[in-house]
Amino acid sequence: MNVPQRIFALIDVNNAYVSCERVFNPKLENRPVVVLSNNDGCVVSRSYEAKKLGIRMAVPLFQIEEIIQQHQVEVLSSNYALYAEMSRRFMNILGSFVDPCEQEVYSIDECFLELTAYQQSYDLSEYARQILATVKSWLGLPCCIGIGYSKTQAKLANNLAKTHACFDSVCNIVDEDPCIIEDLLLHTPVGEVWGVGRKIRQRLEKMNICSVMDLVQADPKMIGKQFSVVMENTVKELQGMACLEIEDVISDRRQVLSSRSFGQPIEDKNSLSGALTEFSLRAIERLRKQNLLCKTVGISIRTNRFNKEQYYRPFTMVYLADYSDDRLEIIKAVQQGLDRIYLAGHRYKKAEVILLDIIPRHSHAVDLFHNTDELIARQNLSVAFDEINERFGRDMMTFGRLITPQGRTWGMTQNHKSPSYLTKWDEVLRVG
């Protein structure tokens with residue numbers, strides 16, 4: 001019995017953050033739009049119209065102010081709650097087209113699907129168009145799909161679908177005329193290959209491997225000797241040999257990080273304490289949702305890195321008595337760390353909390369001499385904390401340390417933020 005060759009697809013949202021904003025504000029359609037990073041610093045998403053104006057990714061806002069005024073570019077702050085909820089719905093829709101083990105959520109707006117089992121029953125290009133139509137109809141998000149014999153081929157095909165209108169948002173390398181694909185790959189820079197960064201690209205170009213087609217025709221063993229087994233597998237994947245599996249199980253995490261730059265510099269310790277408490281709560285939320293425990297807490301604060309003369313970036317770690325996800329215990333450790341590293345007289349620009357030495361909850365054995373009654377009471381408190389915030393909204397139950405006389409001075413600058421259409425009742429979109 002012949003085993004069918006494996007087939008993969010990569011689906012992603014076009015200009016994801018901008019597209020999410022357009023769903024709720026149709027006035028943004030056909031207009032140049034940019035979405036900014038934390039504290040309205042740099043461009044992290046651009047509409048096609050903004051790209052045509054020459055606005056580059058990651059360019060600071062102040063450098064394009066003239067273009068914005070001249071061409072009436074719409075500027076928006078990042079609305080992460082909106083994007084996360086749209087991503088969740090997007091992934092749920094994609095999951096309805098395959099079995100759970102055939103889906104891999106790659107990023108907030110990208111997802112791999114394995115379509116091997118569907119090639120006998122469906123025209124895969126039409127199946128892909130059905131997926132696109134469903135996402136567009138149910139969520140309003142425009143997407144592109146690339147299909148290939150490997151994940152790397154699918155990623156490459158997705159790039160071709162985005163950059164060549166002739167594919168109409170679906171590039172299926174499996175069924176496409178090989179001559180057409182070969183011609184396109186001859187004109188696609190090798191740096192467009194998934195996993196080929198700037199340094200690898202420069203080394204490949206010195207070996208006269210400048211286009212994707214050059215890499216496809218290279219000897220995998222030779223590339224492996226010159227670079228690594230990862231690059232060897234990349235070449236094999238480009239040649240149609242699937243080396244990478246769909247990762248349907250999230251690998252064990254080694255750390256949980258929560259960090260943010262402040263909207264304005266902070267000098268007083270109380271405000272820093274409040275900021276670190278909030279960051280701790282965000283990290284603990286992720287820890288508990290994944291049923292993990294940590295043993296070590298890292299704390300860091302830093303001043304403006306561009307001020308070299310007074311740059312201060314201390315880091316310390318506090319070790320817990322046992323593995324834990326207890327908010328009170330972890331936040332207490334964070335405050336101990338802040339006491340160690342805080343130095344008056346500095347203007348702090350950023351802080352972070354890192355939960356380290358992480359294990360799954362099910363693998364942890366409670367110490368024989370631990371106070372069981374106290375442990376159960378603290379666990380019940382944590383569960384109540386979760387349930388209240390789940391039911392009534394994040395931070396409905398929180399810690400007094402977050403409320404300072406000055407307010408949340410560490411909050412991000414978001415002067416152009418759209419409403420939280422999907423996560424706050426009082427900001428739900430109203431029609432009429």
Side-chain angles (χ1 to χ4, degrees), residues 34-45 56-65 75-80 254-287 294 296-320 327 329-358 395 398-417:
V34 296
V35 177
L36 304 177
S37 63
N38 289 348
N39 296 310
D40 294 344
C42 303
V43 173
V44 293
S45 184
R56 295 176 289 106
M57 187 69 91
V59 64
L61 177 61
F62 71 87
Q63 291 185 8
I64 57 172
E65 287 180 347
V75 178
L76 297 168
S77 303
S78 290
N79 189 340
Y80 296 118
R254 296 186 177 182
Q255 67 177 35
V256 176
L257 169 67
S258 180
S259 68
R260 190 186 306 161
S261 296
F262 306 135
Q264 58 188 24
I266 293 176
E267 292 187 60
D268 67 289
K269 189 176 179 181
N270 286 337
S271 293
L272 272 177
S273 175
L276 286 168
T277 297
E278 181 175 305
F279 301 166
S280 302
L281 289 174
R282 300 292 88 84
I284 296 166
E285 282 177 7
R286 297 199 291 272
L287 193 76
C294 73
T296 307
V297 181
I299 306 96
S300 174
I301 53 178
R302 68 185 73 175
T303 59
N304 192 328
R305 62 189 178 91
F306 296 108
N307 188 347
K308 301 298 183 181
E309 294 182 1
Q310 295 185 338
Y311 186 48
Y312 180 57
R313 185 187 176 182
F315 174 79
T316 189
M317 291 191 296
V318 179
Y319 300 94
L320 306 179
R327 291 177 176 83
E329 187 174 3
I330 293 175
I331 289 175
K332 180 180 178 181
V334 169
Q335 299 307 314
Q336 290 175 355
L338 177 61
D339 290 340
R340 293 180 191 171
I341 61 179
Y342 173 76
L343 192 60
H346 285 291
R347 292 165 56 83
Y348 296 96
K349 186 62 179 174
K350 186 175 182 178
E352 62 185 21
V353 173
I354 314 174
L355 306 183
L356 301 160
D357 192 6
I358 289 175
D395 292 337
T398 188
F399 289 80
R401 188 177 281 112
L402 290 179
I403 310 302
T404 66
Q406 301 84 6
R408 295 193 179 191
T409 55
W410 61 87
M412 286 191 296
T413 299
Q414 293 179 301
N415 295 326
H416 312 281
K417 182 178 174 294

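Everything numeric here is computed off the predicted structure, so don't read it as measured data.
Note that CD of Glu285 is 9.0 Å distant from OG of Ser258, once rounded to the nearest 0.5 Å. If you take OG1 on Thr277 and CD1 on Ile330, they are separated by 12.0 Å, rounding to the nearest 0.5 Å. We find the OH-CD1 distance between Tyr342 and Ile301 to be 8.0 Å, quoted to the nearest 0.5 Å. Ser45 contributes atom OG, which lies 10.0 Å from atom CG of Leu36 (distance to the nearest 0.5 angstrom). The CZ atom of Arg340 sits 11.0 Å away from the CG atom of Leu338 when rounded to the nearest 0.5 Å. In this structure, CE in Met317 is found 14.5 Å from CD in Gln336, a value given to the nearest 0.5 Å.
Side-chain contact between Leu320 and Cys294 is present, with heavy atoms from C-beta onward closer than 4.5 Å. Contact of the His416 side chain with the Val35 side chain is not registered, since no non-hydrogen atoms from C-beta on lie closer than 4.5 Å. Looking at heavy atoms from C-beta onward, Asn304 lies out of side-chain contact with Tyr311 at the 4.5 angstrom threshold. Looking at Val256 and Ile354, their side chains never come closer than 4.5 Å, going by heavy atoms from C-beta outward. For the pair Leu355/Val297, a side-chain contact is recorded, criterion being any heavy-atom separation below 4.5 Å from C-beta on.
Between Arg260 and Glu352, none of the side-chain N atoms (NZ, or NE/NH1/NH2) sits under 4.0 Å from a carboxylate O, so this pair counts as no salt bridge. No salt bridge links Glu329 with Lys332; every basic N to acidic carboxylate O contact stays at or beyond 4.0 Å.
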- [ ] Test side chain to side chain contact (heavy atoms under 4.5 Å, CB included) on Asp268 and Ser271 and set out the steps.
- [x] CA-CA 6 Å; Asp268 67 289; Ser271 293; 2.9 Å; yes
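Taking each heavy atom of Val353 and Ser280 in turn, the nearest pair found is CG2-OG, 3.6 Å. Between Tyr348 and Phe262 the shortest heavy-atom distance is O-CD1, 3.3 Å.
By the neighbour-count criterion of 12 heavy atoms within 6.0 Å, atom CZ of Arg56 is sparsely surrounded, having that number or fewer from other residues, nucleotides or ligands.
With 3.5 Å as the limit, one finds a donor-acceptor pair spanning the side chains of Gln335 and Ser273.
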